[in-house]
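Each remark here refers to the structure printed beneath this line.
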Amino acid sequence: MGNIGNDLLKTCYINDIKIKKDMSLHLAIVNQPFLKYIMNGEKTIESRFSVNKCAPYKKINKDDVIFLKDSGKPITAYTIVKDVKFFENDELNLESIKNQYAHQICAENESFWLERKDKNYASLIWITRPKLINNVFIEKKDKRGWVNFQLKYPQTLILISGKIGSGKTYWAEKIAQHYICNKNSFSDFLKMWCIKSGLEINRENLQKSGELCIENNFTEFMEYTVLNNFNTINDILIVDGLRHVKVLEYYQKNIKKVIHININLNEDIRIHNIEIRDGVFNKSYDNSFVEKESSELRKQADIIINENSNEDDIFKKIDNLLKKEFQISFKI
């Protein structure tokens, strides 16, 4: 389900929906005619009843974002949470809820309440500002009618820096596979920036976008990159493409544990890698704004990897850093 969370986060950015740490994004399956009632303003409370404690019960808060889709169809809209109330067991008086809120739920048919008479938990969600968006197609195979994705910082962030062609993505993928955790890239946000700005996604535009985001959209850039981390076995996130000391310092200030790995290959090997990948090595790559702090980042790295590095030794060093200062339980 992680891909759905990523899709929802991208949808927030494309549609200027503000996100922040500790809020949640929700995917709600809302069948007709209730979806129509939400969009025309008749239905101002979304209700969910269940036998067991499952989302959205105690998983949703004011200002969260709910994405809406009819069963078997794409996401077509979103709404914002205005308020919530939860009821359980003895507190769950179905007759009282019906008398107070049936009109706002658009559930004045007696059969609606009869179908819920044996439920133990109820969530009432006041919603506001429903808005249509371009269709978002997702691959959802389970039967859950509600899925939530909390936006939170990882406990441990591993940042990968290095010049173009040094193998940042290769090592990021290898480390993510070893620790069974997610891998993001700073370019993920920049690709969204290009799409939103109507620009072709290529190296030049990504570099220009990176410069603009560092100068003008810094916090949004930083938040998107690390909050894009769902359903992991270990609370570790790998992000490749670190190019600025300012970015390193931001995460060191805001995340509990940051490990910085620098990839520093022999220049001939690095240039050869670029020629294999791109067909040619362009000297302007190394002179771009985003590459100017590479030597300073190398000085601040916790681990430096070069062409002679032993993989087992690298993982031992990472293990030691993971265990340093606080105990972290991770699966290998």
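Here, residue 1 is the first one in the sequence, and each next residue gets the next number. Scope of the values below: all heavy atoms of this structure, side chains included, with no hydrogens, waters or symmetry mates.
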Report yes if the side chains of [X] and [Y] come closer than 4.5 Å at any heavy-atom pair, otherwise no.
X      : Y      : value
Phe112 : Phe49  : yes
Arg129 : Thr79  : no
Phe218 : Phe221 : no
Leu212 : Asn217 : no
Val30  : Lys69  : no
Met23  : Asp63  : no
Ile105 : Leu124 : yes
Ile261 : Ile318 : yes

What pair of heavy atoms forms the shortest contact from [X] to [Y], and how long is it?
X      : Y      : value
Val226 : Pro154 : O-CD, 3.8 Å
Asn184 : Thr225 : ND2-O, 2.9 Å
Ile38  : Lys43  : CG1-CD, 3.6 Å
Ser24  : Asp64  : N-OD1, 3.0 Å
Asn148 : Ala55  : OD1-CB, 3.5 Å
Lys21  : Glu223 : N-OE1, 3.8 Å

Tell me whether [X] is salt-bridged to [Y], with the criterion being a basic N under 4.0 Å from an acidic carboxylate O.
X      : Y      : value
Asp142 : Lys140 : yes
Glu311 : Lys174 : yes
Lys246 : Glu249 : no
Glu46  : Arg48  : yes
Glu139 : Lys141 : yes
Lys196 : Asp16  : yes

Nearest 0.5 Å, please: how far is [atom2] in [Y] from [atom1] in [X]?
X      : Y      : atom1 : atom2 : value
Leu199 : Leu190 : CG    : CG    : 11.5 Å
Asn306 : Asn308 : CG    : CG    : 5.0 Å
Lys53  : Ser123 : NZ    : OG    : 11.5 Å
Lys168 : Leu159 : NZ    : CG    : 13.0 Å

Test salt bridge (Lys or Arg N to Asp or Glu O under 4.0 Å) applied to Glu307 - qualifying residues, sequence neighbours left out =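 Checked Glu307 against salt bridge (Lys or Arg N to Asp or Glu O under 4.0 Å); zero matches.
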
Sequence neighbours excluded, which residues qualify as salt bridge (Lys or Arg N to Asp or Glu O under 4.0 Å) partners of Lys152?
->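 For Lys152 the salt bridge (Lys or Arg N to Asp or Glu O under 4.0 Å) partners, ignoring immediate neighbours, are Asp235.
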
Report yes or no: do [X] and [Y] belong to one cluster of Ile/Leu/Val/Met/Phe/Trp/Tyr joined by side chain heavy-atom distances under 4.5 Å?
X      : Y      : value
Ile4   : Ile66  : no
Phe149 : Ile60  : no
Ile125 : Phe86  : yes
Leu322 : Ile160 : yes
Ile304 : Leu242 : no

Residues forming a side chain to side chain contact (heavy atoms under 4.5 Å, CB included) with Lys82, sequence neighbours excluded =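 With sequence neighbours excluded, Lys82 shows a side chain to side chain contact (heavy atoms under 4.5 Å, CB included) to Trp126, Thr128, given in chain and number order.
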
In terms of side-chain heavy atoms, does [X] have a donor or acceptor partner in [Y] at a distance below 3.5 Å?
X      : Y      : value
Ser111 : Asn109 : yes
Asp319 : Tyr179 : yes
Gln300 : Glu296 : yes
Lys85  : Tyr101 : yes

[X] side chain vs [Y] backbone, donor-acceptor pair below 3.5 Å:
X      : Y      : answer
Trp113 : Ala102 : no
Arg270 : Ile164 : yes
Asn15  : Thr11  : yes
Ser197 : Cys194 : no

Parallel, tilted or perpendicular for Trp193 and Phe189, by the 30°/60° rule?
->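 The rings of Trp193 and Phe189 sit tilted, inter-plane angle from 30° to 60°.
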
Derivation and outcome, side-chain hydrogen bond (donor to acceptor under 3.5 Å, both in side chains), residues Tyr57 and Glu88 | CA-CA 9 Å; Tyr57 183 79; Glu88 64 176 279; 2.6 Å; yes

[atom1] ([X]) with more than 12 external heavy atoms under 6.0 Å:
X     : atom1 : value
Lys59 : NZ    : no
Glu42 : CD    : yes
Asp90 : CG    : no

Please report the C-alpha distance between Ser96 and Phe87 in whole Å, then the side-chain angles of each, then the deciding distance to 0.1 Å, and finally whether the side-chain contact (heavy atoms from CB on, under 4.5 Å) criterion is met.
-> CA-CA 11 Å; Ser96 175; Phe87 304 88; over 6 Å; no

Geometric cation-pi criterion, Lys256 with Tyr153: 6.0 Å, 45° |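 No, Lys256 does not sit over the ring of Tyr153.
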
Run the numbers on Asp70 and Gln32 for side-chain contact (heavy atoms from CB on, under 4.5 Å), then give the verdict.
-> CA-CA 7 Å; Asp70 197 348; Gln32 299 293 6; 3.3 Å; yes

Mind checking whether His178 and Phe315 have ring centres under 6.0 Å apart?
->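 His178 vs Phe315: aromatic centres under 6.0 Å.
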
In this structure, which one of [options] forms a side chain to side chain contact (heavy atoms under 4.5 Å, CB included) with [X]?
X      : options                        : result
Leu27  : Leu8, Leu68, Val136, Val65     : Leu8
Leu157 : Ile259, Asn229, Leu237         : Leu237
Pro74  : Asn135, Asn134, Ile133, Ile138 : Asn135

Which is it for Tyr251 and His260 under the side-chain contact (heavy atoms from CB on, under 4.5 Å) test, yes or no, and what are the steps along the way?
-> CA-CA 11 Å; Tyr251 289 136; His260 172 204; over 6 Å; no

Step-by-step side-chain contact (heavy atoms from CB on, under 4.5 Å) determination, Met222 to Phe186 | CA-CA 9 Å; Met222 298 301 96; Phe186 288 103; 4.3 Å; yes

Could you walk me through whether Glu91 and Tyr121 pass the side-chain hydrogen bond (donor to acceptor under 3.5 Å, both in side chains) test, one step at a time?
-> CA-CA 9 Å; Glu91 298 174 356; Tyr121 301 92; over 6 Å; no

